[in-house]
Every structure is written in structure tokens, then in C-alpha cells.
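Shown next, in C-alpha cells, is the structure this report addresses.
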Amino acid sequence: MHKYLPHTPKDIELMLKVIGARSIDDLFSSIPKSLRLNKSYNIPNALSDDNLTTHMKCLASLNKELVIFRGAGSYDHYTPSVVNSLISRQEFLTSYTPYQPEVAQGTLQYIFEYQSMICELTNMEVSNASMYDGATSTAEAMFMAKAQTRKDIILISQTVNPRIIEVVKTYARYRNIKVMIVPQKNGLTDLNFVKDNMTDSMGLIVQNPNYMGTIEDYEGFADVVHAHDGIFIMNAEGQSLALLKTPGEYQADIACGELQPFGIPLSFGGAYGGYLATKMKYVRKMPGRICGITTDVDGKRAFVLTLQAREQHIRRAKANSNICSNQSLIALAVTIYLSTMGKQGLIDVATESMQGAHYLHQKLIETNKFEIENNHPFFKEFALKAKFDVEAFEKSCLDAGILGPLHLGNQNLLFAVTERRTIKEMDLLVQKVVEQQ
Amino acid sequence: MKYYNKLIFDISEENRIGYSLEKKNLPKVHLPESLRRSQKAELPEVSEFDVVRHYTNVSQKNFGVETGFYPLGSCTMKYNPKINDELATLSGFSNIHPLQPVETVQGLLKIYHETQKILAEISGLKAYSLNPFAGAHGELSGLMIIKAYHQKNNDSKRNKIIVPDSAHGTNPASATVCGFEVVEIKSNPDGTVNLEALKAVLSDEIAGLMLTNPNTAGVFEKDICEVSRLVHEAGGLLYYDGANLNALLGKAKPGDMGFDITHINLHKTFSTPHGGGGPGSGPVGVIEKLVDFLPNPIVKEKDGFYYFEDSNDSIGALGLFYGNASVYIRAYVYLMTLGKEHMSDIGPLAVLNANYIKDSLKDLFVLPIDGHCMHEFVFDGLKDSSTGIKTLDLAKRLLDYGFHAPTIYFPLIFSQSMMIEPTEVESKETLDEFIEVMRKVAKEAIEDPEMVKTAPHNTIVRRLDEVKAARSPILKFKDIK
Amino acid sequence: MILEGLLYAESHEWVKVSGHEAYVGISDYAQHSLGDVVYIELPKVGSTIKKGEMFGAVESVKAASDLYLPISGKILEVNKKLEDSPEGLNDDPYGNWIVKVEILDTKELESLLKSDQYTASLQE
């Protein structure tokens, strides 16, 4: 007997009688004898809840919790208590995809609210119900561009997170799409290169702030892309949208990006979520679920998944994308986070992150242990070239309980600061730099 | 209970706040106007209590697996154990940055490595990557592996994937996304692979065949060894869609049947929560000769030390980091709860439950496939269809009785498909309740068809105008007039 | 309902010849199988499409269908009314043509089905 398996011998006897079988084994007669297992799996023994808890706590203790100054796609923002409390409600946590809308109005409503908030943040006209993560949502944006233009080349800026470029390349490779990198010029996307290579391209992908944390001015980029009927795709980090010029304002056709910074725990890289938003004229090329409003037979307002004819279960081989599950619960967590932080809170958190980053930047420069490559504006991440041993530095940070900046290669260190970093923590990091020879 | 119909934007009041933040009074940063957004995002302005009350009320409009029975075929809606949630969210797992040095994340890497090892043993393959985010994502990785394998062998002619017409929609969609041409073959009446139809399409242009076993009608592919032989002889690879793995736990391994690549749905077979539509996790597994093609990065182990490695032959990276850790940690806890002693009980009990329901109702519903079923089965509508009641009507009427409807209109090979999968966690009492209600609804279909045709009646909203939703889309708050 | 005097393709499109031009639409059977049409994707005027190639798509709540041009043609006109009111295809599938094309190869008309042949093919 096991706590998840309710069948008693009496239950089994009664059920077999109704079925008309002598034993449960009889029910498997269609499996050829040569395939039937006759021994148990070679897997660990079952643990009782108490022992399992001890086992997991031991495994958890083998991971070091650190004071984090590293970003590169995953940011240490504070998660308000209400988020975990509300997403743990079983009606949200254990429910299925809302294909029977009459009993899933809860899920559909929060998806609708989530879509609305993403449109507000990005200034785009329509959002879907979420994607797996920011990198895959960028790759799917590329597929939308291909479906729209039927061209086979995509331009992507070298200033985009290299891991995102890698994912885009993986998706492109199997669809016979050629990925052309737009080189960076002094740490910014080279618009002239875009101009010269746009004719045969389906579109351009840029990131804002870019991988190095720089806020790029994408004014004029949309015009160049649109002059060749291309699709302008902007990957924008969620929190930055509280302050920075939006993809919509830059005339982007598609906005995509990572939802993790909206209070989703770091959790070793997942589960995160991606957002994807676009203009109404491209809505039928957009993958993923979309929730809309309608009425029921009594005239009551209700929510329902709509425009499903685009999706895999109907289009099958003709679908633009194969996405089935999205990251619904993550979208819920984001919706609750954005509701809790609200109009002003998100601005305040973004401002605190930005001010913290600039404070740290200033203090680091003052140590005279860095070469300054450029003076570009930045949000909460920035890169500096170290004049000291970066490996020794990382080790000394770890010894002090700090996760220092990410080494990008060639002595370049990428620092990230969120609202969680105190002045004391930042001063300690600076101290660690000062100690380097 | 009254119908809660407010949106969070409806309860927003200017200047209300719901957050707590200490301002450090650091020097202001001047951002040029050309880089700033011109207007604030119109996010809600509510108190913390407003947020809690609002989302609590919203949640109560939902049916969850803990509310009641979800006999959804192909979804394996089992109990999502609380201990999984508790242990997966320990701060030693949730507070860890993905880019920490490997020495500081040995616990997480060990869980990754152990989980993929257990999945490999259960499915009879060599190794798994936990990087794919969902089943469809796992399918995509599997297909990319097939393509990469043939490309490495300079077998560039192989650009077609065979899919049976009974397959789940993600199968042909994934094949298309991967740049393959889809060749659909007609199944036998019971949904199994028609060997003649298969032989007719096998050639040196075939890269592989995608199958699930048991198939989408709950029938075991008894000719699977022959199918495997034919496909391999033609030079193709055999892909296993793990959606129906629950039936096989304790009874058979896909690897033994000749499958070269599989994906598993942790949110189905291994109890992780569905979350209203994700996050899931779709690990992809392979036999030894395909291990180098797995998505990057790969987790390796040497002398008890775990680390990441990129393979040169890998299909590439499929996400920013390494899959949905918070999901596969839950699966690991589940695997350790059942262990060697109980994992093998799951298939038998799941299959027992499905057959019990089928045999208790086959006098009233059309059973298109004779004989014992596996973990799920299909009814093709009512035996007495004289009153014109369709599967959709039956599904909606079930909602009135507090059950979630089964999967409807899938697989496509039966026009009035109703696919039922109880899973092993449901007790005989729950099944008896469901059977009683199904009998009642079947009776209502004859005695009071109008009532069934206009069901549901007891839910907070009734049948929705889906045509209106698609013709005049209102997809965000600002669209509401 | 099958309208006499039109030519049909097995993929359920109808063709009404008018001199060197032809109107193309979908049959009653097609609109009935789709259910309420919610959206139609029309081709670009001026584009040339070969016989059997896709020229657009129709979507209902539960299905999406590509439209195949029964004969090679150059798109002269598209029925813009259907973009705003796609339900026109359900209300009057024969009255509401979808595209008007310039016939590029009159011989292709011979391979289309006459109304009695199309009726027979539906019985199968």
C-alpha cells in the first residue's frame, strides 16, 4: 500500500469482477511477453516523507545562497509574499488548461489581465498568454517574421545576449533560416550594417537594454526595417519597461522578453516565462494561447481562449508553432506581482535598481582598477574591463558570500544591481576589488 | 455564491499602493528624454489586501484537480503532492542564480543528474536532458536530434517524418517547425499503426516515425516490434511521444520496444502541477548512439562532482538556461516518494481504473474498440443517439455534476470522441460516483435532451459565444468599451 | 446544396467562368464543415498563383482551412467585404465570391468537376 495509491485488495477484487478479468495481469495481455517487465526498476528505494525531507534539505545545503551581483538574463528582485501564497491556491496550481471555459474562468481572467498588463508595459496592441522563456519567445518572434515576409534571413544584433542568439540559431537551423549577426560598433548596434543588409532579410532582432546593460537608442531603426517590408523585433527586459522607451514607441512590430525579473525566483534558471506581444495585424501569426472576452447564453461577461485556429491542435502540420503548454502559472505570478507593485511600485523598483547600479559603477571607477570603454547610458547592468586577476576576484567574492560579476571574457566583467542590493553589500564588493592586486 | 466579475483594473484607485520598498536615497540618475517612456504604464493601483481578495475570488471561479475528478484522456491529471511543492521551494533551490560557479550548485546538479538517470532506467534509454520546457518542446528537441543524426551521416535526403492520423496535434506541428515534411498514414480502426500503410511510405526519404504507445485511443501497439524493425531497416529512427507513459510504469519500457528517442511529460506521468497551462517539463531521452546530440548544456558527473559540458554534436541550446528546475525538482521528489517499491504499481492500477469505468458504461456508450484498454479509452458517443445529443453536450452536462469533462473530439479518428483517463490515484468510490453520473447523463440525453443540449446550467457562466470572441476580439482591458 | 452551372474542385472551391476571367469561392459543403467563419486571409491583388497552390485561408472557431486555387490565375480582385464580414461565406457561399482571377490556361478548366460529378464525390 502507498499513500498515493488507494486500491485495497477488496477494491481490486470487486473491480476485476466487473471487468471480467481474473487478475490485473490479464489486462496487459496485449503487450507481447517479450516486452513485459518481470522485475522492479533499478532506481532508488522509496523514502518516507520525513527521510525525504532530510535528504532534500541536505541537497539544498549543497547549494550556496549568495549576495548576487550577477544578471545576464536572471535578476535577483524581491518577491512579495502574496505571490507565492496566491499561486499556491490549488484552483490555480492544479487546474488544467482552460479548454472547458465554464469551469476555468479563474485562469482565463488572470490571463486576460496579464495580457492587458504586458500591452501596457510594451505599448503593443496584443499579447499572448506567455511563452516558455525570453529566449524561445525571441525565436518564435523570428518565426512570425518568416511567416509574414516569407524571407529566409534574419538579422540579429551582436549586442543581444549570446545565449539568446544561440537559441535563435538553434531554432533557425532547423527551419533553414540564415542568421546574420549585425556587428556592434563601439558597443552599439550598427545601423549602417542593417541598412546595407535589410533587403533580403525578414527582419531585425535587437535587445534593450542590450547584453552589456547599455540602453541603446533605436530611433530610426524601424524606418530602415520597414522600408524593406521587414519585421522589427525588440527584446526588452521586463523591469526596464517601467522607465525606458517602449518597443511600441520605437515602432517595433513584435516585443518579446523575459518575465523572470517580475518577481519570479532565481530557481537555478527555471521555471521562467517569456512574453510575446505584437500589433493586431500580426495576431494570427502569433503562437501560443490568447484569451478574449465574450458573453455566455445569458449575456454574462466571460473569458475564453480564442483565435485557436492558429494553434497546434487545429492546424497540426500547418501550424506556425508547436507550442502547447505555456507558462500559465508564471504569468499568474507576474500578474500578481505587477498588481502588487502597481503603477508606482514598478517605477520605484526600477529606479532603485538603476540608482544602485550607478552608485556601484561610480564607486568601482573610483578604485582606478578598471578601464572605461565607453560612457553609454545603462539601466541596472554595466560592463567594466578589469585590470586585475578576475578569477582570484571571483574566488574572493565567493569566500565573502558574494556572487560577483559575470566574466564575459577578455577581462570584461558584467555587474548587475537590483533594488535588493544594500549600500553595505555594494561597499563590500568594492572592498573586494580594492583588495585585488 | 455570487459571481465575481471584477477585473483588477476595475478595483484600482489612484494613489493606492500595495508594495513595500526601502528607498536608499542614492543620487538620481538622469536619463535623456529620448530614452525614456513618455507615459507611465497604466498598471493597477491597489492595496495588498485588494490583491489578495481579488485573486482569491478569481481562483474560486476555477476547478482544480483537488476540487474534483478530471478524467481527461491524454493529460494524466493525477494528484500533485504537497510535499513536492514544499521541498522544491526550499530556499537552497529557489535562491540560486543559474550562473553561479558549479562548485556552489552541486545539490541542484546532483538532482538533475539523478532525475535523468531514473527517467532513463524507467524508459529503457541511455540518458536524458531536462532542458526542454514542455512536452512539445521535448518533441521539437527529439526531432532536431533526428535531423542532426541524419545530417551527420550525410543522409540529407531524409526530410520526411511519418505521423499516424491518430496523433496529438503537437506531433505534426513539431515536425513542421523542425523543417520536416509530414507524411500522415491512416491508422487501423483501433488507432494502431497499419503495417501496410507504413510499408507503403517507408523509403530512403524517411527520417523517422513518431508514435505514442499505448496510442491515443488507449490501445497498445502489439506490432510495435515489427514497426520498429521496419522503420530501422528503412534507415529511420523511432520517436516515442511519452504522453501515455503512465500505462507502462511497471509493465514495459519504450527502450525495449525499439524507440530511439523519447520525451516525457513530467506534468503528466510524474505528478508536477499543470498550473492552468504550464509550466511543465518535457525531458528528452535517447539511446547511446544519440547521446552527443542532446541539447546543450549537458550535466556530467565524475567522481561525485557534477559539472556542465557542451557537446560539439549537440543540436544547440533550447532555452536561456537549463530547463524548468522548479518543475523537475518536484518530479524528483515524486520519484523518490514512490521509489523502486511502488513505481511498478502505477501502470497496473491506472489500467485497472480505466477498464473498470469502460466496462461499467459500455452498455450505454459506443465502444469503438473491443477488448481490454490500457490507461485510457475512447467512447464514440451515446449508443442511443436518437435525440441528437453530441459529445460536446455530454461534456457540458458533466460540469453541472461537479466533474471536469473528459477530453473531447480527440483523437480525430472518431467523430464523437470522448477520451477518459482516470489515473491510478482515484479510488473506487470516486470512479463509482463518476460512473453513476455518466449513467444519469446518458438517461437525461433520452428523457430530457433539451436540458442536456443547453448545458451547463449550474456553472457560473454557461455556454460561451466563441464565434463572437473570434470575430470581434477583445484581448486587453483597454479594448473593452 | 450544389449550385448548377459552376465548376468545382475536389478541395471544395467553386469556379464561375466569365469570359477570360473567373470568380472563385467555396461550396456550401465547405462552409458547413467549417462552421461559423470568423476570419479570411486574402491574397495580394496582382499576384500569380498556380493551379493547386494556396491562395488564402479561412478560419472558424474550430478549424482552419487553406484555400487552393483550382486553376492558375492572376488575382484581379479580392472581395474586401469578406474581410469585415467573413460570415458572408456562411450566409451565401455562392453569392460571395472570394477572388476574381484572370484565367491563364483555359485547358485546366477541363480537369474540374461539373456539379453532378462534385455531388457524386461528396456521396463517397
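Reckoned from all heavy atoms, side chains included, excluding hydrogens, waters and symmetry mates. Letters A, B, ... mirror the listed sequences (proteins, then strands); counts begin at 1.
Ranked by heavy-atom pairs shorter than 4.5 Å toward chain A, the options B:Asn5, B:Asp345, B:Val46 are led by B:Asn5. With chain A as the partner, the residue from B:Glu424, B:Lys222, B:Arg16 showing the most heavy-atom pairs under 4.5 Å is B:Glu424. Chain A forms the most heavy-atom pairs under 4.5 Å with one residue out of B:Pro101, B:Pro27, B:Ala469, B:Gly276, and that residue is B:Gly276. Listed options B:Leu21, B:Ile17, B:Asp256 were ranked by heavy-atom pairs under 4.5 angstrom with chain A; first place goes to B:Leu21. Residue with the most contacts toward chain A among B:Ser20, B:Ser59, B:Cys75: B:Ser59 (heavy-atom pairs, distance under 4.5 Å). Chain A forms more heavy-atom pairs under 4.5 Å with one residue of B:Gly316, B:Ala405, B:Pro44, B:Gly179 than with any other, namely B:Pro44.
The nearest pair of heavy atoms linking A:Leu121 to B:Arg37 is O-NH1, 2.9 Å. A pairwise comparison of heavy atoms in A:Arg175 and B:Val177 identifies CD-O, 3.0 Å as the closest pair.
When atom types are taken as modelled, the side chain of B:Asn80 and the backbone of B:Lys78 share a donor-acceptor pair closer than 3.5 angstrom. Put simply, the side chain of B:Lys23 never gets that close to the backbone of A:Glu352: no donor and acceptor are under 3.5 Å apart. Using modelled atom types, no side-chain atom of B:Asp465 and backbone atom of A:Thr295 make a donor-acceptor pair closer than 3.5 Å. Without hydrogens or angle criteria, A:Asp11 side chain to B:Lys428 main chain gives no donor-acceptor distance under 3.5 Å. At least one donor-acceptor pair closer than 3.5 Å links the side chain of A:Ser267 to the backbone N or O of A:Pro265. In terms of modelled atom types and a separation under 3.5 Å, the side chain of B:Asp359 and the main chain of A:Val18 share no donor-acceptor contact.
For A:Asn123, the part sitting under 4.5 Å from any heavy atom of chain B is the side chain, from C-beta outward, and nothing else. Interface remark: A:Ile31 contributes backbone and side-chain atoms alike to the contact with chain B (heavy atom separation under 4.5 Å). At a 4.5 Å heavy-atom cutoff, the contact between B:Lys251 and chain A is made by backbone and side-chain atoms alike. For a residue to count as touching a neighbouring chain, one of its non-hydrogen atoms must lie under 4.5 Å from one of that chain's; by this rule A:Lys57 touches chain B with backbone and side chain alike. When heavy atoms are compared at a cutoff of 4.5 Å, A:Asp76 does not approach chain B at all. Using a 4.5 Å cut-off between heavy atoms, B:Pro81 contacts chain A through both its backbone and its side chain. Contacts between A:Pro80 and chain B at a heavy-atom distance below 4.5 Å are absent for every atom of the residue. Contacts of A:Thr351 with chain B are absent, with no heavy-atom separation under 4.5 Å from either backbone or side chain. For a residue to count as touching a neighbouring chain, one of its non-hydrogen atoms must lie under 4.5 Å from one of that chain's; by this rule A:Ile68 touches chain B with the side chain only. There is no contact between A:Ala129 and chain B, counting heavy-atom distances below 4.5 Å.
The pair B:Lys478-A:Glu120 meets the salt-bridge criterion, with a side-chain N (NZ, NE, NH1 or NH2) lying under 4.0 Å from an Asp/Glu carboxylate O.
Aromatic pair B:Phe220/A:Phe28: ring centres not closer than 6.0 Å.
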